[in-house]
Amino acid sequence: MALFQSNNPVLKESMFNKAAQQGEAMTLRGTVNKMSFMLVLLIAAAVFSWGQFTMGTGNAFPLMIGGALGGFVLALIIIFKKEWAGYLAPAYALAEGLFLGAISAVYNAQSHGIVMQAVGLTFGVFIAMLILYRVGLIRATERFKSIIITATLGIGIFYLAAIVLRMFNIDMPLIFGSGMFGIVFSLIVVAIAALNLILDFDMIEQGVAQGAPKYFEWYASFGLMVTLVWLYLEILRLLSKLNRR
């Protein structure tokens with residue numbers, strides 16, 4: 001069975017197959033509770049990091065870089081040591097909160113009010129995708145999964161190439177600028193990020209149905225948070241482009 005397929009690298013079928021019914025089973029309620037707890041941690045860390053920026057203490061930039069690097073390292077560990085998710089997923093939420101709070105404060109200083117718009121749109125998209133999934137208007141078919149996975153990998157490769165080129169002082173203003181091409185590009189990326197949620201919802205539902213181990217509640221919550229963080233950042237970037245026009 002092609003269960004648990006997702007563009008999100010932290011959510012893979014093989015990991016569920018290896019788990020093989022160890023201990024207490026994963027539940028939807030448990031996953032929702034753990035995701036809610038992680039969101040509270042992320043928001044608390046983001047508020048702290050935001051406050052450091054607005055107070056001008058000079059700690060915002062180290063918090064942003066440290067949070068980004070810490071979150072990346074923790075994500076890699078969780079991916080390869082999924083059994084540790086219960087210990088590391090909350091730490092990941094805190095690290096991402098520090099990063100998001102600082103970078104959001106930077107964006108807000110450039111365009112006042114943009115952060116609240118991005119937060120509202122992110123949760124709005126999340127709710128809309130959940131409704132579309134629950135009523136069956138968008139189904140995570142194998143064809144749908146392969147399209148989203150391919151598109152996401154393409155975006156990841158493109159971003160990696162852009163980072164490498166920037167190291168040589170080569171920018172891509174046509175894509176990352178506030179012109180029409182840049183806005184269309186951001187709209188496409190936001191759409192792909194939003195459709196990732198459908199795959200993650202399907203993975204969680206099937207994980208519960210197949211009786212995945214209890215620690216996968218933390219693991220699935222971590223995976224869903226990865227998608228939400230990406231979606232928020234892309235919406236924030238899109239709004240920034242629109243405000244610069």
Side-chain angles (χ1 to χ4, degrees), residues 4 6-12 15-16 19 23-52 63-105 115-116 118-130 133 193-194 196-208 212-236:
F4 316 120
S6 173
N7 64 292
N8 191 324
V10 306
L11 305 173
K12 297 295 182 181
M15 297 176 182
F16 280 85
E24 188 180 354
M26 170 185 183
T27 66
L28 180 59
R29 181 174 183 177
T31 304
V32 171
N33 289 341
K34 290 174 176 59
M35 183 62 190
S36 300
F37 176 67
M38 289 178 64
L39 281 175
V40 170
L41 292 179
L42 184 145
I43 292 171
V47 169
F48 171 78
S49 183
W50 177 291
Q52 295 299 305
L63 287 174
M64 181 169 63
I65 300 301
L69 292 177
F72 178 73
V73 171
L74 286 169
L76 288 179
I77 296 174
I78 295 172
I79 289 170
F80 292 103
K81 287 291 185 180
K82 56 189 177 298
E83 298 87 353
W84 297 0
Y87 306 100
L88 299 184
Y92 170 82
L94 289 172
E96 286 300 309
L98 293 176
F99 166 66
L100 291 182
I103 197 171
S104 296
V115 171
M116 292 307 299
V119 170
L121 285 172
T122 300
F123 281 102
V125 170
F126 174 82
I127 293 172
M129 290 296 104
L130 181 59
Y133 176 75
N196 277 311
L197 294 172
I198 299 296
L199 302 187
D200 295 338
F201 295 151
D202 179 72
M203 185 283 304
I204 293 171
E205 183 176 46
Q206 299 224 26
V208 172
K214 193 67 174 178
Y215 61 79
F216 269 88
E217 294 177 352
W218 284 109
Y219 195 75
S221 299
F222 157 71
L224 190 55
M225 177 163 284
V226 170
T227 304
L228 283 174
V229 168
W230 178 37
L231 177 62
Y232 168 75
L233 289 173
E234 295 298 343
I235 290 177
L236 192 61

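All residue numbers refer to positions in the sequence shown, counting from 1. Only a predicted model underlies this, so the values are computations on that prediction, with no experimental measurement involved.
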Study note, to complete from the structure: The side chain to side chain contact (heavy atoms under 4.5 Å, CB included) partners of Val47 (sequence neighbours excluded) come to Ile43
Check your understanding: Aromatic rings Phe201 and Phe126: how do their planes relate, parallel, tilted or perpendicular, breaks at 30° and 60°?
Key -> perpendicular
Exercise for review: Indicate the atoms forming the closest heavy-atom contact of Val208 with Thr27, along with that distance.
Suggested key: CG2-C, 3.8 Å
Study note, to complete from the structure: Residues passing the salt bridge (charged side-chain N to carboxylate O under 4.0 Å, His left out) test with Glu96, sequence neighbours excluded, are none
Review point. How close do Ala93 and Met38 get, heavy atom to heavy atom, and via which atoms?
Key: CB-O, 3.5 Å
Check your understanding: Which residue pairs pass the salt bridge (charged side-chain N to carboxylate O under 4.0 Å, His left out) test with at least one member in residues 31-50, sequence neighbours excluded?
Key -> Lys34-Glu217
Revision key, fill the gap. All heavy atoms of Val115 vs all of Trp50, minimum pair found to be CG2-CZ3, 3.7 Å
Check your understanding: Judged by atom type as modelled, is there a donor-acceptor pair below 3.5 Å linking the side chain of Ser104 to the main-chain atoms of Leu100?
Key -> yes
**Study point:** Heavy-atom pair with the smallest gap, counting every atom of Asp202 and Tyr133
**Key:** CA-OH, 3.2 Å
Exercise for review: Determine whether the aromatic ring centres of Tyr87 and Tyr215 lie less than 6.0 Å apart.
Suggested key: no
Check your understanding: So, do Val119 and Tyr232 sit near enough that their side-chain heavy atoms are less than 4.5 Å apart?
Key -> yes
Point to revise | Nearest heavy-atom neighbours spanning Met26 and Thr31 | key: CE-OG1, 3.4 Å
Check your understanding: Can you name the closest pair of heavy atoms from Ser49 and Gly97 and give their distance?
Key -> CB-O, 4.3 Å
Review point. For the residue pair Tyr219 and Phe222, does the interplanar ring angle fall in the parallel (under 30°), tilted (30 to 60°) or perpendicular (over 60°) class?
Key: tilted
